[in-house]
Each structure stands twice: as structure tokens, then as C-alpha cells.
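The figures here come from the full heavy-atom set of this structure, side chains too, leaving out hydrogens, waters and symmetry mates.
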Protein chains: 2
Amino acid sequence: MEKKAAKSSARAPRRTRGLSRELIIQTAIEILDGGGEKALTLRALTERLSTGYGAIYHHVADKGDLLATATDSVITGVVSGPGADADPRAALRRLALGLFDAVDAHPWIGTELSRQPWRPVLLDFYERIGRLLEALDVPQEARFDAAGTLVNYVLGVAAQNAAHARLRAGSTTDRETFLANAATQWAQLAPRRYPIVHAAASQLGEHDDRAQFLVGVDIFLAGISALHRQTSPEVLE
Amino acid sequence: MEKKAAKSSARAPRRTRGLSRELIIQTAIEILDGGGEKALTLRALTERLSTGYGAIYHHVADKGDLLATATDSVITGVVSGPGADADPRAALRRLALGLFDAVDAHPWIGTELSRQPWRPVLLDFYERIGRLLEALDVPQEARFDAAGTLVNYVLGVAAQNAAHARLRAGSTTDRETFLANAATQWAQLAPRRYPIVHAAASQLGEHDDRAQFLVGVDIFLAGISALHRQTSPEVLE
DNA sequence: ACCTGAACACCGTTCAAGT
DNA sequence: ACCTGAACACCGTTCAAGT
């Protein structure tokens, strides 16, 4: 209640009258990065831009539009990222990792991508994956399903990362103690009923989300090659 | 708006005074199944149960607790589903498919599972997957990552299904016309820029979510065998 | 054309008061 | 112990009124 009075005298908004859709979206991204999805309210946005609601709704349809466009803005940089690798496998890993890192830097896009998985930006993503699968000689009929599988996996990880970020933002505990808590909690599970999870608890300490994500990508890549190999009957063992 | 007046006279609530946590959660599930996540408001719940807010908050911590417990209630039936198959692969497919079908029947759990992927019910899920991977001779070190990969994939699909259901609930168009619209939209994309997606448009008509999901599971299973077969990882970067 | 901000129609949640 | 429902503190969104 008292925080807005202080800022109006402290640093006057230089922007004289130039409100634009681009400025609104960039400001929304700043708020989202700073305080998470919960922090982006129309009220916070009007204060930050020192304007009224109508001004925002004049450039943006509604909050959904705002969230979607902000996500597009972040993702675009990833999809149109570095050029083609020599090895399609390496390119696929790089592409997936680019999205992973983007979600890691802006966890809120994980939620948004899961909410609207048919956005045009993801079409670009599909397209690039499809081409790389083509380069890997995945037959045309299987390409669509294979690309979808990989996208679903990436989006699943993205949503989980967003959930973890949300959880960590809620409590004051940092990442290390959070993992430690989970580990002790898992270790306390009945070993008879949860032998696997119980055994995994010890690994949780040195757990690396990014590395695990890459392992998953490699599993799918290996599976896709196997799938493609099946078309011509060829026994391997 | 007019539907609540009819029912109060049609069938009087037999429950004289027996409000319980279980009844609240089951009623919440009914509302969620009937009208989606948007339909579950505390107000709707009090009306349906013909009670006050305090009564509900006496049995349930908050709305998050309600949503989480409702999801648990639905998932529990899936995880403790049919017994062990002879073939671990078949068992894994069955387990994954069980979750897929549960999300298909109750799309709102897809959102909730993505929001809270560390729920105890998912630990049971992890445990069963881990044991089946063990049966498939996946080495102990790789088991944790492999199980995580599969869960992430399944959750990714779950979130997407929930998103699609939400989209379909919003508009009046049914599934067929929705797919047809998407197909024509994809077909209109510039073939030069989107050759893969453009080509995939024709396949969209006969698209089967459930079948595609299973293809993904099979890709994963094939990848697991390949992973397990190669003891030394390949060099990259 | 672009902006302002009071007002509206909702939320989830609380809490003094009842039985 | 269990329930009631007015009231509170928020939301996103609208819209008559200003420039």
C-alpha cells in the first residue's frame, strides 16, 4: 500500500507516452521472471507501467493473450537458435536442451507450453525435429509419431521444472536443502514396499536435472533408431 | 443458472447431517468431471452439498488440498490396477495406458499431475516402473533416470490431453471438426517453410491419441534396451 | 486513437456466531 | 465438534469519461 507512493517520487517514469504491445509484453516477462506466474496481475502491470487498465487492454486481448505472447517471445529465440549441426543427433540434443534451458531460466513458460501446446512456435519446433528425424532416415509414416513423442517428453519435463520452481518459490528453502529433504523423506519409506525408490534416495543428492533430461533424450533417440530399424526385418541382439 | 433450482425439488439430499472429507472429495470429482477444472469453485461445492464454506474448510485445508486429494483418489485405482503380467514390457504398457485412460476420462488430473509431480501416488507409480525396469535388466544406476524419463513422458502427454479437453470444452466444436480445422490450418502452411508439418496434415485425420501414446511408450522401451545394451556411452561434444 | 480509473462480477478464504 | 454465511481481500475485465 505504501510502496507505490515511494517509487513515484524516487524514480520518475521516463516513458512520456509511448505505450506499445511490445513494451507491455516485455514488462510482463520481467514481472514473471522476477516473481513467477503468481506475480503477474493486471494491477501489478499497470503500476509498473504507470498506466491504467484500459491502456493495456487496448494493446492486448486479455491475460491469456499476454501470457501466450510472452511465452512465444521467449521461445522464438530458442527455436531460431544456432544453425544446423553436422550430426542430426547432436542437433536434436541441442534443440531439446535449448528448450530445457529456456524453461530453466523462465520456469513460467513450462506451465504455459503445457497449457497451449498447439501454439505456432511449437509448430516450428515440430518442424525442426521432423527434419532432423528425416535426416536420421526415420520413415515418413513414423516421423509424425516420433516427433510427437519427443515433444511430449520435452513438455513433460518443462511442466515439472515449472512445478519445482513454483514449489521452491513458495518456501524459503533453497535447492540443496530441498533435495536433502526429499532424500531423507524417500529414505524413510518402507524398504519392503518401496525398494526402488528407497534405493534411489541415495542418488538424489547428486541428482542433476539437466543431465537426467539429456539421458531421456538419448533414450528416445535410441528408441527411434530401433523403431526405424524394425521396418526391415533385421535381428539384433 | 436454472439447473440448480430444478434439482433441489427433484431429488432432495438424503444426507441429513453427514458431511465428511470423503463426500466432499467425491462431490468435487463429480463437479470436475462434469464441467472441468473451471467449474470447481467453493461456491459451487457449497451449493451442491447444501452447506456453508466453513463446513468444507473444516474437512479440507484449502482448494489445493481438495484438487490434490481428488487426483489421488482417481489415480489410486489405476496404480493398484490389474496384477503383474508375464512380460515386463506388456506390464509397462498396461501401466502407462492405465494412466492415459484415467487422464482421458478425467482430463483435469492431467493438469494437477503436472502441477504436483511429487505426490505420493506418483511414488507408487515410480516404484512399479522401477521394478519392471529391473525385470528388464536395466542396470541399477540407469534405472532412476529411465523411470524418470517414462514418467515425464506420460505426464507430458497427460498435460496435453488436459489442454485439449479444456480447449474443446471452451468451443462448441466436437473432436472431428476440431481435427479437421487443424488439418486444413496445417495444410495451408507454406510448404517451403513447413514441409514436415505440411506433409503431416494429411495424417491428422486418422490420428489416434491413444495409439500415438503407445508408439511413444514403445519408442521408450526400445530405447531402454539399446541403452542397456551399450555399456560405454558414445562420445559427444 | 489512446488513455484513465471507478465499478462490476467474480474468486478463495476467514471468522464471529450459532447448534 | 460441526456448521452457517456475511464479510474481506483479492482477481480479470469493462466502459463511460477524458485527452
Side-chain angles (χ1 to χ4, degrees), chain A residues 1-5 7-8 12-25 27-29 31-32 35-71 108 111-112 115-116 166 169-170, chain B residues 1-4 8 12-25 27-29 31-32 35-71 108 111-112 115-116 166 169-170:
Chain A
M1 296 171 183
E2 64 276 39
K3 54 195 164 192
K4 64 185 167 191
K7 104 155 72 156
S8 66
R14 277 171 295 118
R15 175 183 68 78
T16 17
R17 212 116 302 241
L19 192 61
S20 68
R21 181 177 167 90
E22 185 59 25
L23 178 62
I24 291 173
I25 287 159
T27 309
I29 291 177
I31 295 176
L32 286 162
E37 324 166 43
K38 200 180 139 82
L40 181 66
T41 65
L42 269 295
R43 260 152 258 255
L45 199 55
T46 53
E47 280 184 21
R48 185 95 154 228
L49 290 165
S50 56
T51 181
Y53 301 111
I56 288 170
Y57 278 93
H58 189 265
H59 291 96
V60 154
D62 53 17
K63 200 187 177 183
D65 181 27
L66 193 59
L67 238 13
T69 314
T71 304
W108 50 274
T111 313
E112 191 58 22
R115 195 192 304 280
Q116 302 206 346
R166 216 158 35 219
Chain B
M1 298 169 183
E2 63 276 37
K3 53 198 163 191
K4 64 187 166 187
S8 66
R14 276 169 295 117
R15 172 184 67 80
T16 16
R17 210 116 303 239
L19 192 61
S20 68
R21 182 177 166 88
E22 185 59 25
L23 179 63
I24 291 173
I25 287 159
T27 309
I29 291 177
I31 294 177
L32 286 162
E37 325 166 43
K38 200 180 140 82
L40 181 65
T41 66
L42 269 295
R43 260 152 256 258
L45 200 53
T46 53
E47 281 184 20
R48 184 94 154 224
L49 290 165
S50 54
T51 181
Y53 301 112
I56 288 171
Y57 278 93
H58 189 266
H59 295 278
V60 153
D62 52 16
K63 200 188 175 180
D65 181 27
L66 193 59
L67 237 13
T69 315
T71 304
W108 49 273
T111 313
E112 191 58 21
R115 195 191 305 279
Q116 303 207 347
R166 216 158 36 222

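- Atom CD1 of B:I29 is separated from atom CG of B:L67 by 10.5 Å, given to the nearest 0.5 angstrom.
- The shortest distance between side-chain heavy atoms of A:R166 and B:R115 falls below 4.5 Å.
- Using a 4.5 Å heavy-atom threshold, the side chains of B:L45 and B:L66 count as touching.
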*Under 3.5 Å for both distances, Watson-Crick or G-U wobble, that's the pair rule; now give the dot-bracket for DNA chain C, with | marking pairs to another strand and [ ] for crossing ones.*
||.|||||...|||||.||
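- Under the 3.5 Å distance criterion, the side-chain polar atoms of B:K63 are matched with a main-chain donor or acceptor of B:L40.
- Atoms CZ and CD, from A:R43 and A:E47 in turn, are 9.5 Å apart once rounded to the nearest 0.5 Å.
- Atom-to-atom distance recorded for A:E22:CD and A:T27:OG1 is 9.5 Å, nearest 0.5 angstrom.
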*How does protein reach along nucleotides 13-19 of chain C, written 5' to 3' as B (base within reach of a heavy atom under 4.0 Å), S (only sugar-phosphate), or - (no contact)?*
BBB----
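- The CD-P distance, from B:E47 to D:dT4, rounds to 13 Å in whole Å.
- Going from atom CD1 of A:I25 over to atom CG of A:D65 covers 7.0 Å, rounded to the nearest 0.5 Å.
- We find that CD1 of B:I56 is positioned 10 Å from P of C:dG12, with the value rounded to whole Å.
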*Carefully, step by step, assess A:H58 and A:L19 under the rule side-chain contact (heavy atoms from CB on, under 4.5 Å).*
CA-CA 10 Å; A:H58 189 265; A:L19 192 61; over 6 Å; no
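- Between the NE2 atom of B:H58 and the P atom of C:dG12 there is a distance of 21 Å, given to the nearest Å.
- When heavy atoms are screened at a 4.0 angstrom cut-off, B:L40 is found touching the sugar-phosphate backbone but no base atom.
- If you check every strand for non-hydrogen atoms under 4.0 Å, A:L45 touches nothing.
- Atom CG of A:L23 sits about 10.5 Å away from atom CZ of A:R48, to the nearest 0.5 Å.
- Rounded to whole Å, the distance from CD1 on B:I24 to C1' on D:dC2 is 11 Å.
- Regarding A:L23, its CG atom lies at a distance of 14 Å from the P atom of C:dC2, rounded to whole Å.
- As rounded to whole Å, 15 Å separates atom C1' of C:dG5 from atom CG of A:L49.
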